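Accompanying notes for the structure given below.
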There are 2 protein chains.
Amino acid sequence: MQEPTFLILTALAAQPLHGYGVIQSVTDLSAGDVKLRPGTLYGALDRLAEQGMIEVDREEAIEGRLRRYYRLSETGATTLQEQATRLHRNAAAAESQLGKRPGFTLGLTGA
Amino acid sequence: MQEPTFLILTALAAQPLHGYGVIQSVTDLSAGDVKLRPGTLYGALDRLAEQGMIEVDREEAIEGRLRRYYRLSETGATTLQEQATRLHRNAAAAESQLGKRPGFTLGLTGA
DNA sequence: CTCACATACTACGGTTGACGTTATATGGTG
DNA sequence: CACCATATAACGTCAACCGTAGTATGTGAG
C-alpha cells in the first residue's frame, strides 16, 4: 500500500468524510507534505470501495453539488492498523541500520 | 518511495552488500514479509544509482560469478532517515485516528 | 552422470497505482 | 462577467513493482 492510499484510510478512520474533506484532512495529517489531486483521490476511493476497505456512508445534495461521504469499514480498520504496525517496524529497522553505519559521526569529526 | 525501495536502502545502510545479499537482508529485516524478486531488485538498484542514493562499492569475480557491491551514499542516508521519520509520523497519525474511531470497542461489546 | 538447488546477474513483458490535466456544475466575490 | 472555492468525473501517461525465464557455476543427492 502506498502513502496516498494509507493517508486516505487514515483520514476516514476518525469519521466519515466526503472527497474534498479527505483532501483537506490528508493535507493536515501529513503536515502539508501530501496534497491529493482529484485523479489520485477518486481513483483510490473507487479502488478502496471495490476492495471493501471503505463504504459509502451517505450522499447529500448541497446547493446542487453532490457530496458523497465515505466511511472506513471494519476490514479497512484492521488493514490500516496492520499497515501502521508495518510502517513502525520498517522505520525502526531503518534507524537501527543507520546506527550501525560506519563513519556515522552525527556531525562529529572523530574527536 | 515504496516499501521495496525503502528496504533496499535500509539493507545497505549498515554495510555494502551485493544484489543477492540485499535480497537476503531485506527478507530478514521485514521478518519474511518482503521477498524481493530479481526484477524488483535490479530495477531498483539501477534507479537508485542513477538518483545518487547508492554507489557501486566494488566488483568481485567469485568463481566466474560477478558480485557487484553497492553502498549507501550520504544523500541516500539522509533520504532514508527522512523517510523513516515520515513513516513514523504516518503510522502515529493512523493510530491516533483509529483511536478516535466511533464504536472502537477493542473487542468489548459495550458493557 | 544427471538432476536439483543455491548463488548471482540480466532481460522482458504485464499490471497496478499515482499523477496531471481537463471538464462539469454551482455559489460567492470583485 | 470573470475568477475562485467547492466537489466530482474522466481522460491519458508514467513510474515502480512483479513474475518469469535465461545464463552461468559449484555442490550434493540419486
Side-chain angles (χ1 to χ4, degrees), chain A residues 1-12 16-30 33-54 56-70 76 79-80 83 86 90, chain B residues 1-12 16-28 30 32-54 56-70 76 79-80 83 86 90:
Chain A
M1 177 181 300
Q2 291 189 290
E3 196 178 25
T5 304
F6 180 86
L7 291 171
I8 289 169
L9 254 26
T10 296
L12 292 173
L17 289 173
H18 60 280
Y20 207 84
V22 171
I23 292 181
Q24 295 170 324
S25 178
V26 165
T27 302
D28 270 18
L29 289 168
S30 67
D33 283 358
V34 180
K35 288 180 201 292
L36 258 27
R37 315 272 172 223
T40 304
L41 176 71
Y42 294 104
L45 250 22
D46 288 349
R47 191 171 8 97
L48 290 168
E50 253 177 61
Q51 294 170 350
M53 308 280 271
I54 62 174
V56 174
D57 189 68
R58 63 186 189 279
E59 290 183 344
E60 286 175 8
I62 307 288
E63 291 162 357
R65 286 190 290 271
L66 181 69
R67 272 190 185 173
R68 185 148 46 229
Y69 284 78
Y70 290 90
T79 303
L80 180 58
Q83 289 293 317
R86 188 186 186 110
N90 287 349
Chain B
M1 178 181 299
Q2 292 190 308
E3 196 178 26
T5 303
F6 180 86
L7 291 172
I8 289 168
L9 292 179
T10 296
L12 292 174
L17 289 173
H18 61 279
Y20 206 84
V22 171
I23 292 181
Q24 294 170 325
S25 179
V26 164
T27 302
D28 270 18
S30 68
D33 283 359
V34 179
K35 288 179 202 293
L36 258 27
R37 315 278 169 211
T40 304
L41 175 71
Y42 295 104
L45 249 22
D46 289 349
R47 193 174 1 101
L48 290 168
E50 255 177 59
Q51 294 170 351
M53 309 280 273
I54 62 175
V56 174
D57 189 68
R58 64 186 188 279
E59 289 185 345
E60 287 175 8
I62 308 288
E63 291 162 356
R65 286 190 290 271
L66 180 70
R67 273 191 185 172
R68 185 148 47 229
Y69 285 78
Y70 290 91
T79 303
L80 180 58
Q83 288 294 316
R86 189 186 184 107
N90 287 349

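Here the structure is a predicted model, which means the values were calculated and not measured. Heavy atoms only: backbone and side chains are in, while hydrogens, waters and symmetry mates are out. Naming convention: chains lettered A, B, ... in sequence-line order (proteins, then strands); numbering from 1 in each chain.
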Can you measure [X] atom [atom1] to [N] atom [atom2] for me and round it to whole angstrom units?
| X | N | atom1 | atom2 | answer |
| --- | --- | --- | --- | --- |
| B/Met1 | C/dA18 | CE | C1' | 16 Å |
| B/Glu60 | C/dA8 | CD | P | 10 Å |
| B/His18 | C/dC9 | NE2 | C1' | 10 Å |
| B/Arg67 | C/dA8 | CZ | C1' | 8 Å |
| A/Asp46 | C/dG17 | CG | C1' | 13 Å |
| A/Glu50 | C/dT15 | CD | C1' | 15 Å |

Can you name the residues that form a side-chain contact (heavy atoms from CB on, under 4.5 Å) with B/Thr5, not counting sequence neighbours? B/Met1, B/Arg47, B/Leu48
Under the side-chain contact (heavy atoms from CB on, under 4.5 Å) rule, collect the residues that match up with B/Gln2, sequence neighbours excluded.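 B/Gln2: side-chain contact (heavy atoms from CB on, under 4.5 Å) contacts with A/Gln2, B/Pro4.
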Check step by step if side chain to side chain contact (heavy atoms under 4.5 Å, CB included) holds for B/Gln24 and B/Val22. CA-CA 5 Å; B/Gln24 294 170 325; B/Val22 171; over 6 Å; no
Under the salt bridge (Lys or Arg N to Asp or Glu O under 4.0 Å) test, which residues partner [X], sequence neighbours left out?
| X | value |
| --- | --- |
| B/Glu50 | none |
| B/Asp33 | A/Arg86, A/Arg89 |
| A/Glu60 | A/Arg58 |
| A/Arg37 | none |

Can any side-chain N or O of A/Thr27 pair as donor or acceptor with the backbone N or O of A/Ile23 at less than 3.5 Å?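 Checked: pair present.
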B/Ser25 (side chain) donor-acceptor with B/Gly21 (main chain) under 3.5 angstrom: no
Can you give the first and last nucleotides of DNA chain D, 5' to 3', that have an atom under 4.0 Å from a heavy atom of chain A?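 Range of nucleotides within reach of chain A: D/dT6 to D/dA10.
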For side chain to side chain contact (heavy atoms under 4.5 Å, CB included), just list the numbers for A/Leu36 and A/Ile8, CA-CA rounded to whole Å, side-chain angles, deciding distance to a tenth of an Å, and then say yes or no. CA-CA 9 Å; A/Leu36 258 27; A/Ile8 289 169; 3.7 Å; yes
Just checking A/Glu59: base, sugar-phosphate only, or nothing, at a heavy-atom cut-off of under 4.0 Å?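 Touches nothing.
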Axis bend over the full length of the helix from C/dC1-D/dG30 to C/dG30-D/dC1, computed from five pairs that close each end, to 10 degrees: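 So the angle between the two local helix axes works out to 0°.
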Check each residue of residues 2-11 of chain A for a non-hydrogen atom within less than 4.0 Å of any atom in DNA chain C, then write out the ones that pass by number, or none.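 Here the set is A/Gln2, A/Pro4, A/Thr5.
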Between the protein and nucleotides 21-26 of chain C, are there any N/O to N/O pairs under 3.5 Å, and if so, what are the atom names and distances?
{"residue": "C/dT26", "atom": "O2", "partner": "A/Arg65", "partner atom": "NH1", "Å": "2.6"}

Would you please name every residue forming a ring pair (Phe, Tyr, Trp, His ring centres under 6.0 Å) with A/Tyr69, sequence neighbours left out? A/His18
For a quick test of reading the model: is some side-chain N or O of B/Tyr42 closer than 4.0 Å to OP1 or OP2 of C/dT10? no
Test side-chain contact (heavy atoms from CB on, under 4.5 Å) applied to B/Asn90 and A/Thr10, A/Leu7, A/Leu29, the passing residue: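 Exactly one pass, corresponding to A/Leu7.
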Of all residues at least two apart in sequence or in a different chain, which pass the side-chain hydrogen bond (donor to acceptor under 3.5 Å, both in side chains) check with B/Asp57?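 In terms of side-chain hydrogen bond (donor to acceptor under 3.5 Å, both in side chains), with neighbours along the sequence ignored, B/Asp57 is linked to B/Arg71.
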